[in-house]
Amino acid sequence: MGGMFERDLDIYRNRDALREDYQPDTLVGRDEELERYKTALQPVINGEQPNNIFLYGKTGVGKTAGTRFLLDHLIDDAAQYDDIKLTVKMLNCDGLSSSYQIATRLVNKFRDESNQISTTGYPRSTVYDMLWEELDKCGGTILIVLDEVDHINDDSILYQLPRARANGNLSNAKIGIIGISNDFSFRDNLSPKVKSSLCEEEIQFPAYDAQELIQILRQRADVAFYDGVLTDGVIELCAAYGAKDAGDARQSLDLLMKTGDLARDRDTKAITEDLVRDARNELERGRIREGISGLTQHGHLVLYALITLDREGETPVRSRDIRPRYTNFANQIGADPLVPRRMRDHLGELSMLGIISAVERNEGRRGGTYREYSVDMDINMILSALDETITEVGVHESIAGIFAEDTTLERYT
DNA sequence: CCTCCACCGGAAATCGCGGGTA
DNA sequence: TACCCGCGATTTCCGGTGGAGG
């Protein structure tokens, strides 16, 4: 450096250090948990049957990062012993709802690209047979990491895998399962027989407190940004948001990265707290947009119904009173309106996304228990998200278009 | 303290679709 | 082609819930 010409100073030295998949040399704030984890993995090095391990804790508290970290070391260390053949397969179960899906993905993980199987169509038992065959062919010690296992709706594979050897399906391979879950109740909902085998070793990862988050953010920011880019308080603010919401490192890191990106877009050389707030809004927007795009057509209709009611000052409104409006919209586009129970599901989904909110009310003998829904986000933001999302022909034209005229809403009542 | 309202939400059944085997 | 399979979305069924009214 130091020639006559220099590249413009970017704020990032290495932006990737803020990414979720970045692996720092040391993991901050998880010493105790990793120590226990390491102990639980010890049998692998000893050439013994590995423990099944169950990790739980909220998102972004280091479960996956810790697993990657330890398993990388484990693989290195195992390589020093000739009598150990260690294979590690990691599978993220997000988007995979059944044991069947898990099994097909696992089979494919063991097969090369020219030989992949379809993820649908086969009888369940056939898929399992293929899986046992692959596992046995691989042999040695096999660790299977199932990240976000709580997404699986049935126990079957969790029951089958640990027992495959005992059931005579395997002869060459020693299988160890590492299950990772965000959902505490998942563990309790497992059938007892699965619980006892899968949860031989349980490690709980607590949320990070603000101090730990600050340490983590510092560690990453030191690598990610050039010196002097961050102004005082930025890291603390990101950490504070993260700690307040969920003690979630991922979220804090995302926020910091978004802030950096904004700074870069705006050609700002210094990152300030104000920028953090802007970034937070931006992320929120994105979340809503994503949430809305994942809804069904009827989900959109329910949302339209609520929005129009909101504009007429009718909110908060109980589901019973949303229904006629929704029904109208559905008829307008020639769709059969859903049954009330299902409409409630959509309402629930919308509040889960933070787009609307529900308050439970109870008028006892007179009115019973019910919920009142209201819109939680800026209407225009929702509308623009709907605008970008709507794919159904005619829906947006017939409803949003007229809605935008902002005149005679009586037409829909 | 017991009733009762009216929606809430879990569970099981059903439907239609995409995909596979023989 | 005939038939099998899994799966998401939906419908059907129904027990639960909590506070005002008695």
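We name chains A, B, ... by the order of the sequence lines, and we start the count at 1 in each one. The structure presented is a predicted model; accordingly, all values stated were derived computationally and were not measured.
- The side-chain tip of Arg280(A) points at the ring of Tyr241(A) from less than 6.0 angstrom away and within 45° of straight on.
- Among the protein residues, Thr126(A) comes within range of no part of the nucleic acid, since none of its heavy atoms lies under 4.0 Å from any strand.
- For the pair Arg105(A) CZ and dG6(C) P, the computed distance is 15 Å after rounding to whole Å.
- Tyr100(A) places a side-chain N or O within donor-acceptor distance of the main-chain N or O of Tyr122(A), the cut-off being under 3.5 Å.
- Geometric assessment of Lys89(A) against the ring of Phe110(A) yields a positive cation-pi assignment under the 6.0 Å and 45° thresholds.
- Residues from residues 346-358 of chain A placing a heavy atom under 4.0 Å of any atom in DNA chain B do not occur.
- Close to dA6(B), at under 4.0 Å from its OP1 or OP2, lies no side-chain N or O of Arg361(A).
- The side-chain tip of Arg318(A) points at the ring of Tyr370(A) from less than 6.0 angstrom away and within 45° of straight on.
- For the pair Tyr370(A) OH and dG9(B) C1', the interatomic distance rounds to 18 Å; values are reported in whole Å.
- A donor-acceptor contact under 3.5 Å is formed by the side chain of Asn362(A) with the base of dG18(C).
- Across the protein-nucleic acid pair, Arg342(A) atom CZ and dC15(B) atom P stand 17 Å apart, rounded to whole Å.
- You'll find that the side chain of Tyr122(A) is closest to dG20(B), out of dG20(B), dC8(B), dT12(C).
- Closest approach to the Leu338(A) side chain among dG6(C), dT11(C), dA20(C) is made by dT11(C) (side chain taken as heavy atoms from C-beta onward).
- Atom pair Glu360(A):CD and dC5(B):C1' shows a separation of 14 Å (rounding to whole Å applied).
- Atom CG in Asp336(A) sits about 12 Å away from atom P in dT12(C), given to the nearest Å.
- Checked against dA6(B), dC13(C), dT21(B), the side chain of Arg341(A) finds its nearest nucleotide in dC13(C).
- Between His73(A) and Phe69(A), the two ring planes are perpendicular [angle over 60°; tilted spans 30° to 60°].
- Distances from the side chain of His298(A) to the nucleotides dT10(C), dG6(C), dC7(B) place dT10(C) closest.
- The CG-P distance, from Asp345(A) to dG9(B), rounds to 9 Å in whole Å.
- At least one side-chain heavy atom of Ile178(A) sits less than 4.5 Å from a side-chain heavy atom of Tyr37(A).
- Atom P of nucleotide dG19(C) and atom CZ of Arg365(A) are separated by 16 Å, given to the nearest angstrom.
- Rounded to an integer number of Å, the gap from CD1 of Ile322(A) to C1' of dC8(B) is 14 Å.
- When each of dC7(C), dT10(C), dG9(B) is scored by its nearest atom to the side-chain atoms of Gln101(A), the top-ranked nucleotide is dC7(C).
- If you find the closest nucleotide of DNA chain B to Glu372(A) and to Glu363(A), the one lying nearer the 5' end belongs to Glu363(A).
- Residue-to-nucleotide contacts include a donor-acceptor pair under 3.5 Å from the side chain of Arg344(A) to the base of dG9(B).
- Note on ring orientation: taking the six-membered ring where Trp is involved, the planes of Phe225(A) and Tyr12(A) are parallel (angle under 30°, cut-offs 30° and 60°).
- Under a 4.0 Å N-O distance rule, the pair Arg218(A)/Glu236(A) qualifies as a salt bridge.
- A sub-4.0 Å separation between OP1 or OP2 of dA9(C) and a side-chain N or O of Thr296(A) is absent.
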